[in-house]
Amino acid sequence: MLGLWRHRPSALGLLVALAVDLPPAFAQVPDSLLPRNLSPWGMFLNADIVVKAVMIGLAFASLVTWTIWLAKTIELRVSRSRALRRVRMLEQRGSLTEAVHECDGDRDAVAQLILSTAREAELSDGIVDDGFKERVALRLERVEAAMTRQISRGTGILATIGATAPFVGLFGTVWGIMNSFIGISESHTTNLAVVAPGIAEALLATALGLVAAIPAVVIYNHLARVIAGYRAILSDASAQLLLLVSRGQRSQGIVLSRAAE
């Protein structure tokens with residue numbers, strides 16, 4: 001039995017024999033062909049020029065998204081605060097003249113509504129009738145639309161980034177995987193250690209596309225809700241101005257009736 005055991009090949013000998021007989025596809029890959037750094041930065045440096053361009057574009061789109069978010073958040077907060085203060089002022093004032101004096105040359109949205117109403121009253125020579133109210137309503141509607149367009153500037157870029165960034169990242173992924181397959185053909189090996197780095201670099205483009213697209217969509221929807229609330233405040237201010245016009249028409253009618261008596 002001892003003699004038979006001595007003639008049995010050891011496990012180490014079997015592994016050595018298998019390693020010698022392995023086909024080229026499963027042979028050990030030289031260390032010079034393996035990437036030294038598989039971190040996101042290292043994959044970016046080792047990526048193809050097209051994939052690099054895609055990654056840089058997506059990173060820039062993400063920077064634009066967060067810049068717009070910061071700028072529009074500050075702008076909307078300041079504009080909304082001013083609009084609410086103006087609406088409270090209109091509720092406390094009893095005439096359009098007092099509201100104009102309160103504006104004092106300011107150029108915010110509600111001040112524009114007040115000054116536009118005063119301008120129409122000036123052009124109408126103080127005649128307050130139903131036609132005057134219709135003209136004021138048209139002016140207020142135009143000013144509201146203009147102020148809404150002004151406060152919405154830049155949000156369309158977010159919609160574009162949210163819609164296109166995933167497809168741009170997918171393009172980078174397809175290009176990178178295509179280059180990986182070309183590398184497999186040229187190296188005559190299907191070893192995963194050779195294929196994996198190129199695929200990882202390609203998938204990084206898709207990840208960056210999602211990183212750029214998801215915040216853009218979320219921020220766009222958030223800003224759209226805030227802008228809708230801001231426009232509702234402008235509508236309240238327009239309603240208050242129409243009430244002031246109606247009070248002026250009523251006061252004028254009372255004065256005329258007393259003069260006739």
Side-chain angles (χ1 to χ4, degrees), residues 65-160 162 215-257:
T65 296
W66 291 107
T67 302
I68 292 175
W69 169 77
L70 180 61
K72 300 306 290 188
T73 298
I74 296 174
E75 182 182 3
L76 282 167
R77 184 169 297 179
V78 173
S79 299
R80 187 174 183 274
S81 177
R82 288 179 179 176
L84 288 173
R85 187 170 65 251
R86 294 289 188 193
V87 170
R88 288 193 294 268
M89 180 269 295
L90 288 174
E91 292 175 352
Q92 296 171 359
R93 294 295 178 266
S95 67
L96 180 62
T97 303
E98 294 179 0
V100 172
H101 287 310
E102 286 290 338
C103 290
D104 194 19
D106 293 333
R107 308 299 295 177
D108 57 276
V110 180
Q112 292 292 329
L113 294 173
I114 296 172
L115 295 176
S116 180
T117 304
R119 176 61 177 167
E120 183 58 38
E122 180 183 356
L123 293 176
S124 299
D125 295 328
I127 300 175
V128 181
D129 53 8
D130 291 336
F132 172 70
K133 292 175 62 177
E134 292 179 1
R135 292 192 297 272
V136 169
L138 289 175
R139 278 181 172 268
L140 294 177
E141 184 178 353
R142 292 183 59 189
V143 174
E144 280 184 39
M147 294 297 103
T148 303
R149 287 194 301 269
Q150 180 179 352
I151 204 69
S152 300
R153 287 182 303 181
T155 57
I157 299 176
L158 297 178
T160 302
V217 173
V218 174
I219 293 172
Y220 175 79
N221 291 333
H222 170 71
L223 292 180
R225 290 191 298 269
V226 176
I227 291 173
Y230 176 73
R231 186 167 187 175
I233 296 174
L234 296 184
S235 298
D236 291 341
S238 298
Q240 290 294 332
L241 286 170
L242 290 175
L243 289 176
L244 290 180
V245 170
S246 298
R247 293 191 192 106
Q249 183 182 19
R250 181 180 179 183
S251 300
Q252 185 182 30
I254 294 174
V255 172
L256 291 176
S257 63

S.K.: Just to verify, what does I157 make a side chain to side chain contact (heavy atoms under 4.5 Å, CB included) with, not counting sequence neighbours?
M.R.: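 Only V64, I68, I161 meet the side chain to side chain contact (heavy atoms under 4.5 Å, CB included) criterion with I157.
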S.K.: What are the two closest non-hydrogen atoms of A237 and L90, and how far apart are they?
M.R.: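 Reported closest heavy-atom pair: O-CD1, 3.8 Å.
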S.K.: What residues form a side chain to side chain contact (heavy atoms under 4.5 Å, CB included) with T97, not counting sequence neighbours?
M.R.: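 For T97, the residues satisfying side chain to side chain contact (heavy atoms under 4.5 Å, CB included) (neighbours in sequence not counted) are S95, H101.
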S.K.: Would you give me the side-chain donor-acceptor pairs under 3.5 Å for residues 108-119, sequence neighbours excluded?
M.R.:
from	atom 1	to	atom 2	distance (Å)
D108	OD1	R86	NE	3.4
D108	OD1	R86	NH2	3.1
D108	OD2	R86	NE	3.4
D108	OD2	V110	N	3.4
D108	OD2	A111	N	3.2
T117	OG1	L113	O	2.9

S.K.: Tell me, please, which residues at least two apart from E102 pass salt bridge (charged side-chain N to carboxylate O under 4.0 Å, His left out).
M.R.: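 With neighbours one apart ignored, the set is R93.
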S.K.: Does the side chain of L242 reach to within under 4.5 Å of the side chain of L140, using non-hydrogen atoms?
M.R.: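 Yes, close enough: below the 4.5 Å cut-off.
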S.K.: Just jot down the side-chain hydrogen bond (donor to acceptor under 3.5 Å, both in side chains) partners of Q150, sequence neighbours excluded, or say none.
M.R.: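 Applying side-chain hydrogen bond (donor to acceptor under 3.5 Å, both in side chains) to Q150 gives none.
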S.K.: Can you name the side-chain hydrogen bond (donor to acceptor under 3.5 Å, both in side chains) partners of Q240, sequence neighbours left out?
M.R.: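 side-chain hydrogen bond (donor to acceptor under 3.5 Å, both in side chains) check on Q240 returns nothing, list empty.
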S.K.: Of all heavy-atom pairs between A216 and G162, which one has the smallest distance, and what is that distance?
M.R.: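 In terms of heavy atoms, the two residues are closest at CB-N, 3.8 Å.
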S.K.: Which donor-acceptor pairs under 3.5 Å do the side chains of residues 222-236 make with protein atoms, sequence neighbours left out?
M.R.:
from	atom 1	to	atom 2	distance (Å)
S235	OG	E144	OE1	3.3
S235	OG	R231	O	3.1

S.K.: Using the salt bridge (Lys or Arg N to Asp or Glu O under 4.0 Å) rule, collect all pairs that involve residues 75-85, keeping only residues at least two apart or in two chains.
M.R.: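 For residues 75-85: K72-E75.
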S.K.: Once you round to the nearest 0.5 Å, how far does CG of L244 lie from CD of E91?
M.R.: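 Atom-to-atom, L244:CG and E91:CD are 10.5 Å apart.
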S.K.: Looking only at heavy atoms, which two atoms of T155 and Y220 are closest? And how far apart?
M.R.: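 That would be O-CD1, 3.2 Å.
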